[in-house]
Chemist: 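Sharing a structure below in structure tokens format, with a few things to ask.
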There are 2 protein chains.
Amino acid sequence: MDEKELLKFRTALTRFVPLNDEDWGLLSPFVTYRNLAKGEHWITEGKKEQYLGFILEGNMRHYYIRNGEEKTTYFYFENHLTGSYFSALNGAASLVTIEALTDCRLLSFPYDVLVSLYDESHAWERFGRILAEYLAMGLEERMSELLMLSPEERYVKLIEGNKKKIIERIPQHYIANYLGITPVSLSRIRKRLTSK
Amino acid sequence: MDEKELLKFRTALTRFVPLNDEDWGLLSPFVTYRNLAKGEHWITEGKKEQYLGFILEGNMRHYYIRNGEEKTTYFYFENHLTGSYFSALNGAASLVTIEALTDCRLLSFPYDVLVSLYDESHAWERFGRILAEYLAMGLEERMSELLMLSPEERYVKLIEGNKKKIIERIPQHYIANYLGITPVSLSRIRKRLTSK
DNA sequence: CTTTTTTATTATCTTTTGTTAACGTTTTAA
DNA sequence: TTAAAACGTTAACAAAAGATAATAAAAAAG
């Protein structure tokens, strides 16, 4: 286990909540490496997925499948947690798939372990609360954008906003899917915007 | 303070997490009544709103205002918590308005108090975690519906699903707003559906 | 009980998106 | 290096939603 990368992970968690050596020692023995080739699934719809991951390197795409069509909800980049959080939470089969858009390196740990830490330590319980609050704020933002903005406005916000990584690194047809429109429609929107 | 209604509130909280007398005693002194006439605001956009509420009676509507237009995200009914949770969470002015659609009776308590309980007791910290997880799952569902379903499919799901209260009690133009379409468009969808 | 106000439907016209297909370019893999 | 696959743009037409206005029905207010 590369100590430098493990520290990177610990530091990322510390952004949510301070973790002393004792707290960290409860989780760290359960952390393992995972490599994924481009196109492989980290999480697969229909399976009970029990692991959360921390991306050391690479990009991932989080999507639902509805009537055979993929519907992208999120992209994940390095230095962020990824997983089918809510499936893990209630022990059900995952509703989502998370695939590697590039070759990826992850650190992973079982969700079960995290839950057992909630019992063992107030600090980890707090971590769980703040993580859930953080996820909820992200979902609230995404939800309100879908409700309030037109596809064109959503695209403009993506360009101008703080999600530049998506524009820079993600193929356009996935971005269209993320915006809830077809690639054809996104192409038209781009044309409309450049002619203004 | 009506003991029966206070108990109702306690019971509702217990659905999230067991609360013994001691835990409950930390919050109960801060609980107060609030009455709202139809049309009044429980939360107003732009104000720092520090109170969460528990609805004893009545219906409420949760909406954003964007370019002067209201965008409804949720309806609340009796026996549920309501408030500008995320504004309270980060201490900022509320981005949403919550108005009484009927005369309402609430129990309310300051969000600050809840946060201070997170420090005082592991049980309340757990309550906070599970509340945030619960909210996040609701947001996930709402978000994925907006991304995956057409307005017509969203309406059908509302009729067939477990959200019957909305159909039964909420005026149609608010439902249209909740679905992200105009009342005119909802009327057309209804016509399409009945002629099938 | 009568008068407003609110709510829901319908019609017309415009704008936007979806669908399908064609075409050229870029990337990937053999 | 060459063939195949993936990607982005454009065009033509269909389907759906927005905007506006007229009308009728239901609810609220006096």
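These numbers come from the heavy atoms of this one structure, side chains and all, not from hydrogens, waters or symmetry mates. All chains are named by letter (A, B, ...) in the order of the sequence lines, taking the proteins before the strands, and each is independently numbered beginning at 1.
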Chemist: Does B/Asp119 have any side-chain hydrogen bond (donor to acceptor under 3.5 Å, both in side chains) partners at least two apart in sequence or in another chain, and if so, which?
Modeler: A/Arg126
Chemist: Which residue lies toward the 5' end of DNA chain D, B/Val184 or B/Ile189, if each is placed at its nearest nucleotide?
Modeler: B/Ile189
Chemist: Can you list the residues that meet the side-chain hydrogen bond (donor to acceptor under 3.5 Å, both in side chains) rule with A/Tyr155, with sequence neighbours excluded?
Modeler: A/Arg190
Chemist: OP1 or OP2 of C/dT9 sitting under 4.0 Å from any side-chain N/O of B/Gln172?
Modeler: yes
Chemist: Under 6.0 Å from the ring centre and within 45 degrees of the ring axis: does the NZ or CZ of A/Arg61 meet both conditions for the six-membered ring of A/Tyr63?
Modeler: yes
Chemist: B/His173: which residues meet the side-chain hydrogen bond (donor to acceptor under 3.5 Å, both in side chains) condition with it, sequence neighbours left out?
Modeler: none
Chemist: Send over the distance from A/Arg192 CZ to C/dT15 C1', rounded to a whole Å.
Modeler: 9 Å
Chemist: Residues two or more places apart in sequence or in another chain: which of them pass side-chain hydrogen bond (donor to acceptor under 3.5 Å, both in side chains) with B/Tyr76?
Modeler: B/His62
Chemist: Charged N to carboxylate O below 4.0 Å: is that the case for B/Lys38 and B/Glu40?
Modeler: no
Chemist: Whole Å only: how far is the NZ atom of A/Lys191 from the P atom of C/dT17?
Modeler: 15 Å
Chemist: Within less than 4.0 Å of OP1 or OP2 of C/dT17, is there a side-chain N or O belonging to A/Thr182?
Modeler: no
Chemist: Just to be sure I understand the rule, does A/Gly39 reach a base, reach only the sugar-phosphate, or reach nothing, if contact means heavy atoms closer than 4.0 Å?
Modeler: nothing
Chemist: In whole Å, what is the span from the CD atom of A/Glu69 to the C1' atom of C/dT17?
Modeler: 14 Å
Chemist: How close or far is atom P of C/dT7 from atom CZ of B/Arg61, stated in whole angstroms?
Modeler: 10 Å
Chemist: Within this structure, what is the CD1-to-P distance between B/Ile181 and C/dT16, rounded to whole angstrom?
Modeler: 18 Å
Chemist: Over all strands shown, is A/Arg190 touching base, sugar-phosphate only, or nothing at heavy-atom distances under 4.0 angstrom?
Modeler: sugar-phosphate
Chemist: Between A/Tyr134 and A/Phe16, what is the ring plane arrangement, given parallel below 30°, perpendicular above 60°, and tilted in between?
Modeler: perpendicular
Chemist: Look only at the side chain of A/Trp124 and the backbone of A/Asp23, and say whether a donor-acceptor pair between them is shorter than 3.5 Å.
Modeler: yes
Chemist: From NE2 of B/His173 over to C1' of C/dT5, roughly how many Å is that when rounded to an integer?
Modeler: 12 Å
Chemist: Take atom CZ of A/Arg188 and atom C1' of C/dG18, then tell me their distance rounded to the nearest Å.
Modeler: 7 Å
Chemist: What residues in residues 71-78 of chain B put a non-hydrogen atom under 4.0 Å from any atom of DNA chain C?
Modeler: none
Chemist: Less than 6.0 angstrom from the centroid, inside 45 degrees of the normal: does A/Arg34 satisfy that with respect to the ring of A/Phe54?
Modeler: no
Chemist: Below 4.0 Å from chain A heavy atoms, what is the first contacting nucleotide of DNA chain D and what is the last?
Modeler: D/dC7 to D/dA12
Chemist: Pick the nucleotide of DNA chain C nearest each of B/Lys38 and B/Ser185; which residue has the one closer to the 5' end?
Modeler: B/Lys38
Chemist: Taking CZ from A/Arg154 and C1' from C/dT17, how many angstroms apart are they, rounded to a whole number?
Modeler: 12 Å
